Amino acid sequence: MDRFLYLAMSGAKENLYAQAINNHNLANANTHGFRQALGDAYTVPVRGPVYDSRDYVQVRNEAIDFSFGAEQSTGRDLDIAIQGEGFIAVQAPDGSEAYTRSGNLHVDVLGVLRTERGLVVLGGGGPITVPPNENLLIGTDGTITIRPGGSGANTLTTIERIRLVNPDVKTLVRTENGLIRAGDGQAQPADANVRVVTGMLETSNVNTVAALTQMIELSRHFEMQIKMMESANNVEQTHNRLLGIG
C-alpha cells in the first residue's frame, strides 16, 4: 500500500510545481518581451535491491519558450521591438550581463539608458549614457542618434549603438530573478544582423486562454491525487482493523 501512497504523493507534489510555473506565466502575461516557462514531466524509476517496484513522476527544470510575441504600436521614440531573433544586452543588478526582449527604454536623471525594470542598457563600450538633447532617434541597427540641445535642426550626433546579440537559445537559461543569461556565463558578441523597429513593443508570448485552461486541468489532477492518497489511507486502516480482529 505504501507504493500507492507514495506514487500519489509524488504526483501531487509535482503538480504543485507545474501549477507554480503556470501561475508565473499568467502573472507575466502583460510583461513586455516575457518568455513563458514550460514544465516538462517525466518518470523516474526507483530500483530497489530486490524488486523494481516504483516509477515516480517529476517535472524537469523549467524550459523557456522562445516563440515570438505580438508587436504593439506605441509611437514612443524610446520603445523598440526586435525583429525576429535576438536580444538586447543589459547589465544585471550584480554587474553581470543578461539579455531581454523588453524594449520599453527610458533615460534616468543621470542620463543612463535603462529598461523598464531599471536595468542598464549596454552598448559596445559598456553602459550607454545619453547627453542632454532635443531629439533622440534609434536606428534599425540600434544606433542612437541625438540632436544636442541648442544646435541646428540638421545637427545630429551618433553617441552609441545598443548591443544586440543573437545567441543560440538552447544555451540560454533563466535565473531566479527572471533574467535570461548565457548558460556558461560568458558575454555574447554583438550581431550586426539583429534589427529593431522603433515605436513598437513586443508583448508576452503567454497564451492566457491556454494557461487558464491548464490551471484548471492541473487543479483537477491535484484533487484526484489527493483523493488517491485518502483512498490509500482508508484501505490501510481497513487492513489494520482486519488484522486486529484476526
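For the numbers below, each heavy atom of this structure counts, side chains included, while hydrogens, waters and symmetry mates do not. Source: prediction; values computed, not measured. Numbers for residues simply follow the sequence, beginning at 1.
No chain of hydrophobic side-chain contacts below 4.5 Å, direct or via other Ile, Leu, Val, Met, Phe, Trp or Tyr residues, connects Ile216 to Val209. Hydrophobic clustering of Ile, Leu, Val, Met, Phe, Trp and Tyr side chains at less than 4.5 Å, counting indirect connections, unites Val196 with Val130. At a threshold of 4.5 Å between side-chain heavy atoms, the hydrophobic network of Ile, Leu, Val, Met, Phe, Trp and Tyr places Leu218 and Leu26 in two separate groups. By the rule that hydrophobic residues join a cluster once side-chain heavy atoms approach within less than 4.5 Å of another member, Val107 and Val109 end up as members of separate clusters. Follow the hydrophobic side-chain contacts under 4.5 Å out from Phe87 and you reach Ile64 in the same cluster.
If you check the side chains of Arg181 and Ser96, you find a donor sitting under 3.5 Å from an acceptor.
The only option from Leu201, Ile162, Asn104 that meets the side chain to side chain contact (heavy atoms under 4.5 Å, CB included) definition with Ile80 turns out to be Ile162. Checking Leu156, Thr157, Leu137 one by one against Arg147, the side chain to side chain contact (heavy atoms under 4.5 Å, CB included) holds for a single residue, Leu156.
Residues Asn28 and Val206 have side chains not in contact (no heavy-atom distance under 4.5 Å, counting atoms from C-beta outward). Counting only heavy atoms from C-beta outward, the side chains of Leu105 and Thr115 approach each other to under 4.5 Å. Looking only at side-chain heavy atoms (C-beta outward), Ile146 and Pro131 come within less than 4.5 Å of each other. A 4.5 Å side-chain heavy-atom check between Ile88 and Leu122 finds every atom pair outside the cut-off. Residues Glu97 and Tyr99 form a side-chain contact, since some pair of their non-hydrogen atoms from C-beta on lies under 4.5 Å apart. Side-chain contact between Met215 and Leu212 is present, with at least one heavy-atom pair separated by less than 4.5 Å. Side chains of Leu119 and Arg114 form no contact here, defined as non-hydrogen atoms less than 4.5 Å apart. Taking the side chain as every heavy atom from C-beta outward, Leu78 and Leu136 approach each other to under 4.5 Å.
Looking only at distances, no side-chain donor or acceptor of Asp168 sits under 3.5 Å from a matching main-chain atom of Thr171. Arg161 contributes a side-chain N or O that, together with a main-chain N or O of Asp141, makes up a donor-acceptor pair within less than 3.5 Å.
Asn207 CG to Asn25 CG: the interatomic distance, rounded to the nearest 0.5 Å, is 11.0 Å. From Thr145, atom OG1 reaches atom CG of Asn135 across 10.0 Å, with rounding to the nearest 0.5 Å. The structure places CD1 of Ile128 at 5.0 Å from CD of Glu160, a figure rounded to the nearest 0.5 Å. Atom CZ of Arg220 sits about 8.5 Å away from atom CD of Glu223, to the nearest 0.5 Å.
The shortest heavy-atom contact between Arg101 and Arg35 is NE-NH2, 2.7 Å. Of all heavy-atom pairs spanning Gln19 and Ser219, the tightest one is NE2-OG, 3.2 Å. The two residues Pro167 and Gln188 come nearest to each other via the heavy atoms CB-OE1, 3.5 Å. Shortest non-hydrogen contact noted between Pro127 and Gln91 is CG-NE2, 4.3 Å. Taking both residues in full, the closest heavy atoms of Phe222 and Leu16 are given as CE1-CG, 3.6 Å, listed atom of the first, atom of the second, then distance. Closest approach of Ala29 to Ser204, counting heavy atoms only: O-CB, 3.3 Å.
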Evaluate side-chain hydrogen bond (donor to acceptor under 3.5 Å, both in side chains) for Ser102 paired with Glu116, printing each intermediate quantity in order.
-> CA-CA 8 Å; Ser102 178; Glu116 184 182 37; 4.8 Å; no
Show the numbers, then the answer: is there a side chain to side chain contact (heavy atoms under 4.5 Å, CB included) between Thr100 and Ile180?
-> CA-CA 7 Å; Thr100 182; Ile180 294 175; over 6 Å; no
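In this structure, Asn30 places its CG atom where only 12 or fewer heavy-atom neighbours from other residues, nucleotides or ligands lie under 6.0 Å away.
With salt bridges taken as basic N to acidic carboxylate O contacts below 4.0 Å, none links Glu85 and Arg195.
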Could you give the side-chain donor-acceptor pairs of residues 65-74 under 3.5 Å, partners two or more places apart or in another chain?
residue, atom, partner, partner atom, Å
Asp65, OD1, Ser67, N, 3.0
Asp65, OD1, Ser67, OG, 3.0
Asp65, OD2, Gln36, NE2, 2.8
Asp65, OD2, Ser67, OG, 3.2
Ser67, OG, Asn205, ND2, 3.2
Glu71, OE2, Gln83, NE2, 2.6
Gln72, OE1, His32, NE2, 3.2
Thr74, OG1, Arg76, N, 3.3
Thr74, OG1, Asp79, OD2, 2.8
Thr74, OG1, Gly199, O, 3.3

